[in-house]
Amino acid sequence: MDRFETLDSLLQEERVFRPLPQLVIEANVNPQELGAARRQSEYDPLGYWEEAADELDWFKRWDRVLDDSRKPFYRWFPGARCNIVYNCLDRHIETANKNKLALIWEGEPGDSRKYTYFELYREVNRFANALRTLGVQKGDRVVVYMPPLPETVVAMLAAAKIGAVHSVVFAGFSAKALRQRINDAQAKAVITADGFYRNGQVLRLKDTVDEALVGACADCVESMVVVRRTKVGVDMVDGRDFWYEDLVRQERNTAPTEVMEAHEPLFLMYTSGTTGKPKGIVHCHGGYMVGVHRTLTTVFDVKPTDIFWCTADPGWVTGHSAVVYGPLLAGTTTVIYEGHPNYPQADRLWNIVAKYGISIFYTVPTVIRMLMRFGVQHTKRHDLSSLRLLGSVGEPISPEAWTWLYKNIGRSECPVIDTWWQTETGMFMISPLPISLLKPGSVTKPLPGVKADVVDREGNSVEPGKGGLLVIREPWPAMMTGLWNDEDRYREYFEKVPGCYFAGDVARRDEDGYIWIQGRADDVINIAGHRVGSAELEAAFGAHRNVTEAAVIGVPDTIKGEAAKAFVVVRSGAEEDDELIKDLKRHIRNELGPVAVLKSIEFRRKLPKTRSGKIMRRVLKAEETGTEIGDLTGMEDDS
Ligand code: WT7
């Protein structure tokens, strides 16, 4: 039976789903408390976040909650000292969590490993010591280029424990993309694996790192640590490359935790912007842990008995906040799966849910759309009764995908928590709680302490029902502290709309104040929930010997949400044939990696341009899709 009803104020077709009474009674945050939190964050937002900070352990308390004297460079909890890893591991060792499962990992071939908090703590300490032995010090950057393995988590936490800054690069990026990120961060060490299992195949990984470091490329790298996962043969360079297991075997089980200033960097996460160069988003120890801890525990209503599975790869921010840091801060059990959701068949995810008794399942719409196609016979075979909450992130979820998930996975009982946030925001920003009324396709309302709004270009709130720019009016604790070596580009986030943070989405708010995300307003393509910049793809095309110039836009794709379509002008004399298309596809994969999914390539004599010579992607987009997102697409100047 579906529990839905129609609110008087809404149109007939807008369904509202109510949570089960039991869920409301047992929720960490009940409706009265949510109301109180919203009111408090209106008149005393800093007090709200200060209380959130008090739930964690600090080596030294803050002098003030927020220093906003150098806007837009905000500093949360100035004067405070802490380390996020202390809060993820060390403090749990002193409590009943010590022998609780921290991490369940399942490999694609079906092998699995489990770590209690105590075991994970010791493994992290050993690897922290190993990194120190390799000469990695506080402030040094460590690139983690890994598949989803327990050691990926260990590497991140070990780096953070000694005050180094990790930068996880998704294993779907090419050697060139990896090299660019290593160089930009001037990384001292790279941590990788020999290979991994994906879709029934063994993929080699260390080879890609070797290629990234070939010759004098990325000569900042002094050492490489290799986790043995597949036993494929790899070349080890003497004095530079070390096996993970050889290193940790020699190290002690305890390691001192570096005392960090709250604003000191924890990690870099590169993400696509509107230029050819990815941006290194910087997150810190203090504010990040406060924001992530508060939002994850309230939004997912984390209970001591939960098993939390976010299907994201640790190579994205979702993997940082919702696979590693958030769940461990919350003292829950996090689950990691190495492989493909369809391997060996389309019920793999449901098999994992049933096997470990997952209670909170958080995924991306693209996975849902893919699994919907295979039908419910795959879901029916498994006992999914352990599930309590479902979650979605990364791109708008259509009402069809939402209701499919709700009915077939959630037995029409588990709320679908659609969370809006970004690499830059670090934490969930707009999202329901389990007690909220839900409308399929809406991310509902800003969380307490988050001042989100839908505005016009001048920053005025737009009327209900109208499209506008999604902005955040006030700073929040887990916000990025900056862009790596790029103050100017950081400022841009605060310059597009006066007095607000704007990171590129268009949205609409309805009569009930519910927010509906419509997509990006800039030239960032959302492919299966991953950001790929048009400009990055265009630069990659431009590097091909037969290409004069190219324009790349996002076009709708039934599974991936969006896919990239390229319009290419070829060098005179070059053949516009299938051979060239194949070669271009190979070239793009080589330049950027499999993340940059190209749907099609079309040859053009010329591209539409502004008088100043800028390519007008939105003209191509309008031609292609017959629509424009809202009336605010293209923040670029057309003069
Ligand atoms: C962009 C951020 C941190 C989440 C993973 C992606 C889109 C994110 C939603 C949602 C509609 C969403 C936005 C945003 N997005 N969540 N629930 N509904 N769109 O992080 O790579 O930094 O991408 O993803 O367009 O700007 P990201």
Side-chain angles (χ1 to χ4, degrees), residues 168 170 172-173 267-274 278-281 283 288 291-292 295-296 299 310-326 362-369 390-399 401-402 405 416-432 438-447 452 454 469-472 476 478-480 483 493 496 501-508 514-533 536 554 560-562 595-596 629-630 633 635:
V168 185
F170 177 58
F173 280 110
F267 68 81
L268 303 183
M269 170 55 62
Y270 284 89
T271 188
S272 293
T274 50
K279 307 188 264 200
I281 309 291
H283 281 287
Y288 176 79
V292 170
T295 56
L296 189 109
V299 165
C310 166
T311 64
D313 189 290
W316 306 104
V317 75
T318 321
H320 286 49
S321 301
V323 176
V324 180
Y325 289 113
Y362 185 32
T363 194
V364 287
T366 186
V367 165
I368 301 305
R369 288 192 298 266
L390 302 169
S392 175
V393 65
E395 43 165 334
I397 182 166
S398 66
W402 195 103
L405 185 64
V416 176
I417 310 285
D418 185 0
T419 56
W420 179 90
W421 55 298
Q422 306 178 302
T423 308
E424 292 87 341
T425 71
M427 64 183 210
F428 309 154
M429 300 292 279
I430 309 177
S431 167
L438 302 175
K439 301 184 191 183
S442 169
V443 291
T444 75
K445 295 185 177 183
L447 289 169
V454 181
L469 306 173
L470 182 63
V471 297
I472 315 294
W476 62 98
M479 68 194 298
M480 61 179 160
L483 292 189
Y493 285 96
K496 291 255 157 63
Y501 164 86
F502 174 59
D505 282 15
V506 279
R508 158 177 83 78
Y514 273 45
I515 293 173
W516 302 73
I517 309 291
Q518 289 170 291
R520 299 286 304 190
D522 55 11
D523 290 310
V524 170
I525 309 174
N526 190 333
I527 304 177
H530 300 145
R531 271 155 72 170
V532 181
E536 272 169 75
K560 302 203 175 289
E562 274 192 303
V595 275
I629 302 172
T633 21
M635 292 290 284

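All ligand and atom numbering here is 1-based and tracks the order in the structure. If you read the sequence from its start, that first residue is 1, and numbering goes on from there.
- With a 4.0 Å heavy-atom cut-off, ligand 1 is reached by the side chain of Arg520 but not by its N, CA, C or O.
- Residue Thr271 places no N or O, backbone or side chain, under 3.5 Å from any N or O of ligand 1.
- For atom 4 (C) of ligand 1, the nearest protein heavy atom (residue, atom name, distance) is Val393 CG2, 3.3 Å.
- Counting heavy atoms under 4.0 Å from ligand 1, residue Val443 touches it through the side chain alone.
- The shortest N/O to N/O separation between Thr318 and ligand 1 does not fall below 3.5 Å.
- For Pro396, the heavy-atom gap to ligand 1 drops under 4.0 angstrom.
- At a heavy-atom cutoff of 4.0 Å, ligand 1 is contacted by both the backbone and the side chain of Thr423.
- Using bins of under 30°, 30° to 60° and over 60° for the plane-to-plane angle, the ring pair Tyr325/Tyr288 lands in the perpendicular bin.
- Near Asp505, meaning under 4.0 Å from one of its heavy atoms, ligand 1 places the atoms 13 (C), 14 (C), 25 (O), 26 (O).
- Of the residues Phe428, Tyr362, Trp420, the one that meets the side chain to side chain contact (heavy atoms under 4.5 Å, CB included) test with Val393 is Tyr362.
- By the criterion of a heavy-atom distance under 4.0 Å, the backbone of Glu395, and not its side chain, is placed next to ligand 1.
- Between Gly394 and ligand 1, at least one N/O pair is under 3.5 Å apart.
- At distances below 3.5 Å, not a single donor-acceptor pair connects side-chain atoms of Ser431 with backbone N or O atoms of Pro446.
- Residue contacts with ligand 1: Ser392 is placed with no nitrogen or oxygen under 3.5 Å of a nitrogen or oxygen of the ligand (distance criterion only).
- Contacts of Asn526 with ligand 1, taken as heavy-atom pairs under 4.0 Å, involve the side chain alone.
- Side-chain rings of Phe173 and Tyr270 stay apart, their centers remaining 6.0 Å or farther from each other.
- Short contacts between ligand 1 and Arg531, defined as distances under 4.0 Å to a heavy atom of the residue, involve ligand atoms 2 (C), 21 (O), 22 (O), 23 (O), 27 (P).
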